[in-house]
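Just the heavy atoms: all of them, side chains too, but no hydrogens, waters or symmetry mates, feed the values below. Positions are given from 1, in the same order as the sequence printed here. Fair warning: this is a prediction, and the values are worked out from it, not measured in the lab.
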Amino acid sequence: MIDESTIKRWEHEYIDDINLDNRFYLNLNKEEMIKFINDNYFDKSINKYVTGKSFYMIMGLQYIDVDCAFTRGDSIRYLLCVAKNNKGTYTILSDVIYHENCLNVFDEQTLPVTLLEYSEANQYFRNKGLNKDILKEFARTVDHSKMMLTTSQSVLGCRYHVFDTLKECLQEYGFDKDIRMLSQMDMNYINTLCGKNSLTLKRKDI
């Protein structure tokens with residue numbers, strides 16, 4: 001466990017007084033992400049990563065751990081919204097974790113898709129529009145030639161209508177391919193991914 005005094009110091013260094021108007025985006029592969037964590041979230045004064053009360057997840061986040069072991073895959077990308085903090089390093093305000101060329105949905109899959117695995121806002125900065133903004137950045141920059149597949153929504157995702165927001169953002173930027181969650185796959189979709197039919201799936205409005 002991390003002691004309360006250390007948590008309070010980290011909250012001052014990483015959370016307090018952040019100017020959200022100065023935020024910007026980074027899109028990193030796994031090696032670059034691990035370097036970002038080591039450069040920005042390692043407290044050399046006590047030889048610990050800046051986490052919550054655990055030793056594992058980055059402060060304020062649920063889906064990014066200190067060595068990126070929580071997420072796997074060769075094509076994984078980390079889209080981050082960051083801002084300078086009181087320590088002089090960068091704090092992650094929100095993130096989208098996705099696979100840009102995913103062929104691992106099924107063993108026999110031949111058609112790659114973009115798989116959005118996680119999306120979140122830092123718990124210290126919720127209800128400030130950051131998740132919608134990063135979904136807009138994701139929609140603007142993601143490959144529009146591949147179908148979009150997402151994992152099922154968490155309880156918070158359902159509460160804040162994250163999947164609906166993602167669809168709106170993608171459509172706003174002209175995305176016209178199929179968009180659905182893993183739970184919404186049918187045999188037609190599965191056969192398409194596995195090259196068993198010649199159907200080109202278009203946007204699915206659910």
Common cluster, [X]/[Y], ILVMFWY with side-chain heavy-atom separation under 4.5 Å:
| X | Y | value |
| --- | --- | --- |
| Ile34 | Tyr49 | no |
| Phe24 | Phe125 | yes |
| Ile37 | Tyr56 | no |
| Leu115 | Ile190 | yes |
| Ile92 | Leu20 | yes |

Would Glu100 and Asp143 count as a side-chain contact (heavy atoms from CB on, under 4.5 Å) here? Give the steps.
CA-CA 8 Å; Glu100 62 180 350; Asp143 186 351; over 6 Å; no

Using a 4.5 Å cut-off on heavy atoms from C-beta on, say whether the side chain of [Y] contacts that of [X].
| X | Y | result |
| --- | --- | --- |
| Lys146 | Asn101 | yes |
| Met59 | Ile2 | no |
| Met57 | Asp65 | yes |

Would you please indicate yes or no on a ring centroid separation below 6.0 angstrom for Tyr189 and Phe106?
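That pair fails the under 6.0 Å test.
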
Between [X] and [Y] (side chain of the first, backbone of the second, donor and acceptor by atom type, cut-off under 3.5 Å), is there such a pair?
| X | Y | value |
| --- | --- | --- |
| Thr91 | Tyr14 | yes |
| Lys30 | Thr71 | yes |
| Gln62 | Glu120 | no |
| Asn86 | His12 | yes |
| Asn191 | Lys196 | no |
| Asn40 | Tyr90 | yes |
| Gln109 | Cys102 | yes |

Between [X] and [Y], what is the shortest heavy-atom contact and its length?
| X | Y | answer |
| --- | --- | --- |
| Gly52 | Ile7 | O-CD1, 3.4 Å |
| Tyr124 | Glu11 | OH-OE2, 2.7 Å |
| Cys81 | Tyr25 | CB-CE2, 3.6 Å |
| Val113 | Val105 | CG2-CG2, 4.2 Å |
| Arg23 | Ala83 | CA-CB, 4.2 Å |
| Ala139 | His144 | O-NE2, 2.8 Å |

Nearest 0.5 Å please: distance from the [atom1] atom of [X] over to the [atom2] atom of [Y].
| X | Y | atom1 | atom2 | value |
| --- | --- | --- | --- | --- |
| Leu130 | Lys132 | CG | NZ | 13.0 Å |
| Leu149 | Leu116 | CG | CG | 9.5 Å |
| Asn38 | Met33 | CG | CE | 10.5 Å |
| Ile76 | Leu28 | CD1 | CG | 11.5 Å |
| Glu172 | Leu135 | CD | CG | 11.5 Å |
| Asn29 | Ser75 | CG | OG | 11.0 Å |

Can you tell me how the ring of Phe36 sits relative to the ring of Tyr41, calling it parallel under 30°, perpendicular over 60° and tilted otherwise?
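Correct class here is tilted.
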
Step-by-step side-chain contact (heavy atoms from CB on, under 4.5 Å) determination, Thr89 to Asn85:
CA-CA 6 Å; Thr89 61; Asn85 55 41; 3.1 Å; yes

Residues Arg180, Asp186: salt bridge by 4.0 Å N-O rule:
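Salt bridge flag = yes for Asp186 with Arg180.
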
Glu32 and Lys35 ion-paired at < 4.0 Å
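Salt bridge flag = no for Lys35 with Glu32.
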
Using the side-chain contact (heavy atoms from CB on, under 4.5 Å) rule, take Phe163 and Gln184 through it: C-alpha gap first, then chi angles, then the decisive distance, then the call.
CA-CA 12 Å; Phe163 182 72; Gln184 297 167 330; 3.9 Å; yes

Identify the residue among Tyr63, Tyr78, Tyr118, Phe138 that makes a ring pair (Phe, Tyr, Trp, His ring centres under 6.0 Å) with Tyr98.
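Only one of Tyr63, Tyr78, Tyr118, Phe138 forms a ring pair (Phe, Tyr, Trp, His ring centres under 6.0 Å) with Tyr98, namely Phe138.
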
Got more than 12 heavy atoms from elsewhere within 6.0 Å of CG, Asn19?
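Atom CG in Asn19 is packed in, count exceeds 12.
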
Compute whether any side-chain donor of one residue and acceptor of the other, for Asn131 and Ser119, lie under 3.5 angstrom apart.
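A donor-acceptor contact under 3.5 Å links the two side chains.
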
Is there a side-chain contact (heavy atoms from CB on, under 4.5 Å) between Ile58 and Val50 once you walk through the steps?
CA-CA 6 Å; Ile58 294 299; Val50 179; over 6 Å; no

